[in-house]
Amino acid sequence: MVVSSPGPAEDVVRLPKTDLHVHLLGAVRSETLADLARAAGVTLPRPAAELYRHTNSAPSAEEEKHGPWYPLGQVCEIIADCISHPDHLSRLVYEALEDGLRESNVVYQELSYSPDMHRLRGMKYQDVVDGLCDGVQAAERELGVKARLIAAIGRAGTPGTASSMVQTVVEYPREEVVGIGLDGFEQAGPPESFVDAFALARRYGLYRTAHAGEHVPGGANVRSCLDELHCNRIDHGYHLLDEAALVDRCREEGIYFNAAFTTSRRAWRPWRQRSITSMVREGLNVTLNSDDPALFPTTVASEFTIGARDAGLSTNELAGIALNGFEAAFIDDSTRNSLKQSFNTALSAAPGDNATQGTSQ
Ligand SMILES: [Zn+2]
């Protein structure tokens with residue numbers, strides 16, 4: 001893919017963009033969490049905004065001095081404790097889409113949700129998915145933003161619960177639910193444990209993505225996700241840089257990697273920046289995403305700003321990353337083409353010196 005030179009990095013930040021890797025529970029506004037907690041009678045360990053500022057996984061020795069820290073997984077469990085009604089989920093989806101549009105001009109999001117976290121709190125899957133889809137539809141109707149949903153398997157669960165979750169998803173098909181994902185810390189279990197769940201999703205035409213190459217060195221998990229889970233995309237993937245042959249393969253196969261500079265582990269940010277820049281320079285297809293935007297916090301716009309300011313990516317590279325988001329989205333070709341058209345029109349209209357030619361198709 002060749003992109004003509006756009007203007008300064010700020011022009012790329014303003015372009016219509018995608019966010020393909022957002023966890024719904026990581027995108028909850030602190031004020032909304034405070035509301036839901038109050039209504040549910042849940043006592044938060046700290047006021048919501050403060051709790052978010054103390055969310056961190058595997059803090060460094062320096063960071064430990066500024067603790068206490070609440071692990072990401074624990075904070076997501078607390079947020080899930082405050083959710084009991086489809087309307088709560090509609091609100092969370094709507095607000096996540098509204099925030100993405102307002103802060104970053106995100107016109108298309110793929111939001112990941114965890115059916116089992118709600119099932120364990122007594123919510124029926126139909127109620128969960130109805131609430132989520134209502135939020136997607138309201139945002140499309142009122143804000144003009146598009147979204148699709150990804151049902152995520154938690155790695156800490158068993159292969160059996162993962163398969164039965166996917167079975168439930170296929171029993172209640174919704175146009176908005178387009179795929180499945182695999183979440184959680186990679187140390188909790190290898191991707192191949194979930195081969196049956198992913199095979200079931202594949203059989204029913206659901207797209208597949210998975211967190212891999214984020215926490216565990218080497219390329220094994222990325223390779224398993226491609227070869228055994230038949231993933232269409234990889235979330236993160238940084239550790240594949242440990243294996244040159246795997247980098248070559250992913251470049252040749254045009255695999256898309258959903259990267260994020262800010263989230264997961266604060267102490268790892270400099271390493272992440274170097275990894276993402278290396279992936280781009282190696283010719284891999286990278287997208288930039290917000291991941292858990294409320295908890296860390298970040299936005300897609302700030303991810304692009306970090307790319308320009310701290311990670312040394314050129315405006316041309318950033319425009320290519322923005323376009324990759326539309327290419328990698330789990331949508332039909334006519335939706336993809338119309339989204340790409342609005343991207344190219346905005347790129348042509350950007351005020352930068354050489355921003356008049358748009359991108360190649
Ligand atoms: Zn993630």
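Quick caveat: nothing in here was measured; it's all calculated off a predicted structure.
Rounded to the nearest 0.5 Å, atoms OG (Ser112) and CG (Leu20) are 12.0 Å apart. We find the CD1-CG distance between Ile79 and Leu33 to be 5.5 Å, quoted to the nearest 0.5 Å. Atom OG of Ser342 and atom CZ of Phe326 lie 5.5 Å apart (nearest 0.5 Å). A distance of 5.0 Å separates CG of Leu132 from CG of Leu89, quoted to the nearest 0.5 Å. Atom CG in Leu226 sits 4.5 Å away from atom CD1 in Ile234 (nearest 0.5 Å). Rounded to the nearest 0.5 angstrom, His23 NE2 and Asn289 CG are separated by 9.5 Å.
Contact check for Asp291 versus Thr262: no side-chain heavy atoms found under the 4.5 Å cut-off. Val286 is listed as a side-chain neighbour of Ile276, based on a closest heavy-atom distance under 4.5 Å. Within the 4.5 Å cutoff, the side chain of Val195 has no heavy atoms near those of the His230 side chain. Proximity of Ile78 to Pro45: side-chain heavy atoms (C-beta onward) are separated by under 4.5 Å at one or more points. Residues Arg336 and Leu339 have side chains not in contact (no heavy-atom distance under 4.5 Å, counting atoms from C-beta outward). Residues Leu92 and Leu36 form a side-chain contact, since some pair of their non-hydrogen atoms from C-beta on lies under 4.5 Å apart. The side-chain heavy atoms of Met279 and Tyr238, taken from C-beta on, include a pair separated by under 4.5 Å. Residues Leu15 and Phe304 have side chains not in contact (no heavy-atom distance under 4.5 Å, counting atoms from C-beta outward).
Scanning all heavy atoms of the two residues, the minimum distance from Val22 to Ala27 falls at CG1-CB, 4.1 Å. For the residue pair Glu317 and Gly312, the shortest heavy atom distance occurs at OE1-O, 4.2 Å. The minimum heavy-atom distance between Cys133 and Leu149, with the atom names listed, is SG-CD1, 4.1 Å. Taking both residues in full, the closest heavy atoms of Gly213 and Asn221 are given as N-CB, 4.3 Å, listed atom of the first, atom of the second, then distance. The minimum heavy-atom distance linking Phe185 with Arg155 is given by the pair O-CD, 3.3 Å.
Shown here are the side chain to side chain donor-acceptor pair (under 3.5 Å) partners of Glu64, two or more places apart in sequence or in another chain: there are none. Shown here are the side chain to side chain donor-acceptor pair (under 3.5 Å) partners of Tyr125, two or more places apart in sequence or in another chain: Tyr113. Partners of Arg53 according to the side-chain contact (heavy atoms from CB on, under 4.5 Å) rule, which considers only residues two or more places apart in sequence or in another chain, are Ala49, Glu50. Scanning for ring pair (Phe, Tyr, Trp, His ring centres under 6.0 Å) contacts around Tyr52 gives an empty result, with sequence neighbours left out. Applying the ring pair (Phe, Tyr, Trp, His ring centres under 6.0 Å) rule to Tyr256 yields no partners; only residues at least two apart in sequence or on another chain are considered. With sequence neighbours excluded, no residue forms a side chain to side chain donor-acceptor pair (under 3.5 Å) with Asp87. By the ring pair (Phe, Tyr, Trp, His ring centres under 6.0 Å) test, His66 pairs with no residue at all, sequence neighbours left out. Scanning for side-chain contact (heavy atoms from CB on, under 4.5 Å) contacts around Leu143 gives Tyr94, Glu98, Leu101, Ala139, Val145, with sequence neighbours left out.
Of the N and O atoms on the side chains of Ser164 and Thr161, not one donor lies less than 3.5 Å from an acceptor on the other residue. With hydrogens and angles left out, the side-chain atoms of Asn56 and Glu63 include a donor and acceptor closer than 3.5 Å.
Sequence neighbours left out, not one pair with a member in residues 184-200 passes salt bridge (charged side-chain N to carboxylate O under 4.0 Å, His left out). The stretch residues 197-211 participates, sequence neighbours left out, in no salt bridge (charged side-chain N to carboxylate O under 4.0 Å, His left out) pair at all. Applying the salt bridge (charged side-chain N to carboxylate O under 4.0 Å, His left out) definition to pairs two or more places apart or across chains, those involving residues 109-125 are Glu77-Arg121, Asp81-Arg121, Glu110-Arg233, Asp116-Arg119.
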#### Entry: side-chain hydrogen bond (donor to acceptor under 3.5 Å, both in side chains) between His21 and His211, worked out
CA-CA 10 Å; His21 184 130; His211 288 64; 3.2 Å; yes
### Task
Quick one: do Val300 and Leu288 satisfy side-chain contact (heavy atoms from CB on, under 4.5 Å)? Show the steps, please.
CA-CA 7 Å; Val300 171; Leu288 279 177; 5.6 Å; no
### Task
Just do the side-chain contact (heavy atoms from CB on, under 4.5 Å) check on Val222 and Ile255 with the steps written out, would you?
CA-CA 11 Å; Val222 169; Ile255 305 297; over 6 Å; no
### Message
Set out, in order, the CA-CA distance, both residues' side-chain angles and the distance that settles side-chain contact (heavy atoms from CB on, under 4.5 Å) for Arg174 and Gln126, then state yes or no.
### Response
CA-CA 10 Å; Arg174 298 293 299 256; Gln126 298 97 299; over 6 Å; no
### Task
Kindly determine whether Ser334 and Asp332 satisfy side-chain hydrogen bond (donor to acceptor under 3.5 Å, both in side chains), including the steps that lead there.
CA-CA 6 Å; Ser334 84; Asp332 60 73; 3.1 Å; yes
### Task
Quick one: do Asp235 and Thr209 satisfy side-chain hydrogen bond (donor to acceptor under 3.5 Å, both in side chains)? Show the steps, please.
CA-CA 7 Å; Asp235 295 311; Thr209 186; 3.0 Å; yes
### Task
Start with the C-alpha gap between His215 and Trp268, add the side-chain angles, then the distance that decides, and say whether side-chain contact (heavy atoms from CB on, under 4.5 Å) holds.
CA-CA 10 Å; His215 309 119; Trp268 289 13; 4.1 Å; yes
### Task
Could you walk me through whether Glu303 and Ser290 pass the side-chain hydrogen bond (donor to acceptor under 3.5 Å, both in side chains) test, one step at a time?
CA-CA 7 Å; Glu303 295 297 300; Ser290 67; over 6 Å; no
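Taking hydrophobic clusters as Ile, Leu, Val, Met, Phe, Trp and Tyr residues chained together by side-chain heavy-atom distances below 4.5 Å, Val170 shares a cluster with Leu182. When hydrophobic clusters are built by joining Ile, Leu, Val, Met, Phe, Trp and Tyr residues whose side-chain heavy atoms come closer than 4.5 Å, directly or via intermediates, Val216 is not grouped with Phe194. Cluster membership for Tyr204 and Val129, using ILVMFWY side-chain heavy atoms within less than 4.5 angstrom, is shared. Cluster annotation: Leu120 and Met123 are assigned to distinct hydrophobic clusters (Ile/Leu/Val/Met/Phe/Trp/Tyr, side-chain heavy-atom contacts under 4.5 Å, transitive).
Arg91 has a carboxylate O that lies under 4.0 Å from a charged side-chain N of Asp35, or vice versa, which qualifies the two as a salt bridge. Between Glu228 and Arg223 there is no salt bridge, since none of the side-chain N atoms of the basic residue sits less than 4.0 Å from a carboxylate O of the acidic one.
Through direct or indirect side-chain contacts shorter than 4.5 Å among Ile, Leu, Val, Met, Phe, Trp and Tyr, Ile150 is connected to Val178, Tyr207, Phe330.
Looking only at distances, a side-chain donor or acceptor of Asn105 sits under 3.5 Å from a matching main-chain atom of Arg14.
Ring geometry for Trp271 versus His239: interplanar angle of 30 to 60°, hence tilted. Classification of the Tyr70-His54 ring pair by plane angle, with boundaries at 30° and 60°, yields perpendicular.
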